[in-house]
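The structure displayed is predicted, hence computed values, not measured ones.
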Amino acid sequence: SKPRDRRLHPGEEQRLLDACDGMHKDPDAWKLLIRLALATGMRAGELLGLMWEDVHIEKRYLVVPLERDKTRKGRAVPLSKESMAVL
């Protein structure tokens, strides 16, 4: 498969976050989810299945268990300053 390398164009992140304001259920939580997705590159299913026991703040990474990983291998995701701030 071809690796993806698309980056957001100027203003796209803000438009995504602004679109959350129209959500009926917890727009602030959706904004955090989008920010975390952008900071980590994680897929929606990986983020929605994330448990606190998968997050290792002190070591600055989180684990995507193999049952939630697209390739079924599992992986560790490093946490950036932005993702740490969201968490």
Side-chain angles (χ1 to χ4, degrees):
S1 72
K2 185 178 173 185
R4 294 176 281 176
D5 64 359
R6 185 186 182 297
R7 301 291 184 257
L8 293 178
H9 296 287
E12 281 186 305
E13 180 177 355
Q14 191 57 53
R15 286 196 303 273
L16 281 169
L17 297 173
D18 290 345
C20 293
D21 290 331
M23 306 287 266
H24 295 291
K25 289 194 174 201
D26 210 350
D28 291 331
W30 281 103
K31 289 178 186 181
L32 289 172
L33 190 66
I34 288 170
R35 287 179 51 211
L36 190 58
L38 293 173
T40 61
M42 292 176 67
R43 296 173 180 92
E46 294 171 342
L47 288 168
L48 292 172
L50 197 59
M51 306 291 282
W52 279 113
E53 63 230 25
D54 302 327
V55 180
H56 303 277
I57 296 282
E58 66 287 344
K59 294 183 181 176
R60 297 183 60 115
Y61 76 94
L62 57 83
V63 175
V64 179
L66 60 100
E67 60 271 4
R68 286 195 305 268
D69 183 41
K70 182 179 177 180
T71 62
R72 297 289 188 231
K73 295 179 183 174
R75 62 190 172 103
V77 177
L79 296 174
S80 64
K81 288 181 183 178
E82 173 67 15
S83 56
M84 294 284 287
V86 172
L87 291 170

statement: Between Cys20 and Trp30, the two heavy atoms sitting closest are SG-CB, 3.8 Å
field: Non-hydrogen side-chain atoms of Val77 and Glu46 separated by less than 4.5 Å
entry: no
Under 3.5 Å donor-acceptor pairs involving side-chain atoms of residues 80-87, not counting sequence neighbours:
from	atom 1	to	atom 2	distance (Å)
Ser80	OG	Glu82	N	3.4
Ser80	OG	Ser83	N	3.2
Ser80	OG	Ser83	OG	3.2
Glu82	OE2	Arg35	NE	2.9
Glu82	OE2	Arg35	NH2	3.0
Ser83	OG	Ser80	N	2.7
Ser83	OG	Ser80	O	3.0

- prompt: CG/Leu16 to CG/Leu33 distance, rounded to the nearest 0.5 angstrom?
  reply: 11.5 Å
Separation of Met42 CE from Leu50 CG (nearest 0.5 Å): 5.0 Å
- prompt: Side-chain heavy atoms under 4.5 angstrom apart, residues restricted to Ile, Leu, Val, Met, Phe, Trp, Tyr: same cluster for Leu36 and Met23?
  reply: yes
field: Lys31 and Asp21, any side-chain heavy atoms less than 4.5 Å apart
entry: yes
- request: Take atom CZ of Arg7 as the centre, draw a 6.0 Å sphere, and report whether it contains more than 12 heavy atoms from other residues, nucleotides or ligands.
  value: no
- request: Assess whether side chain to side chain contact (heavy atoms under 4.5 Å, CB included) is satisfied between Ile34 and Leu32, documenting all intermediate values.
  value: CA-CA 5 Å; Ile34 288 170; Leu32 289 172; over 6 Å; no
- request: Would you kindly confirm whether Leu38 and Leu48 end up in one hydrophobic cluster when ILVMFWY residues are joined by side chain heavy atoms under 4.5 Å apart?
  value: no
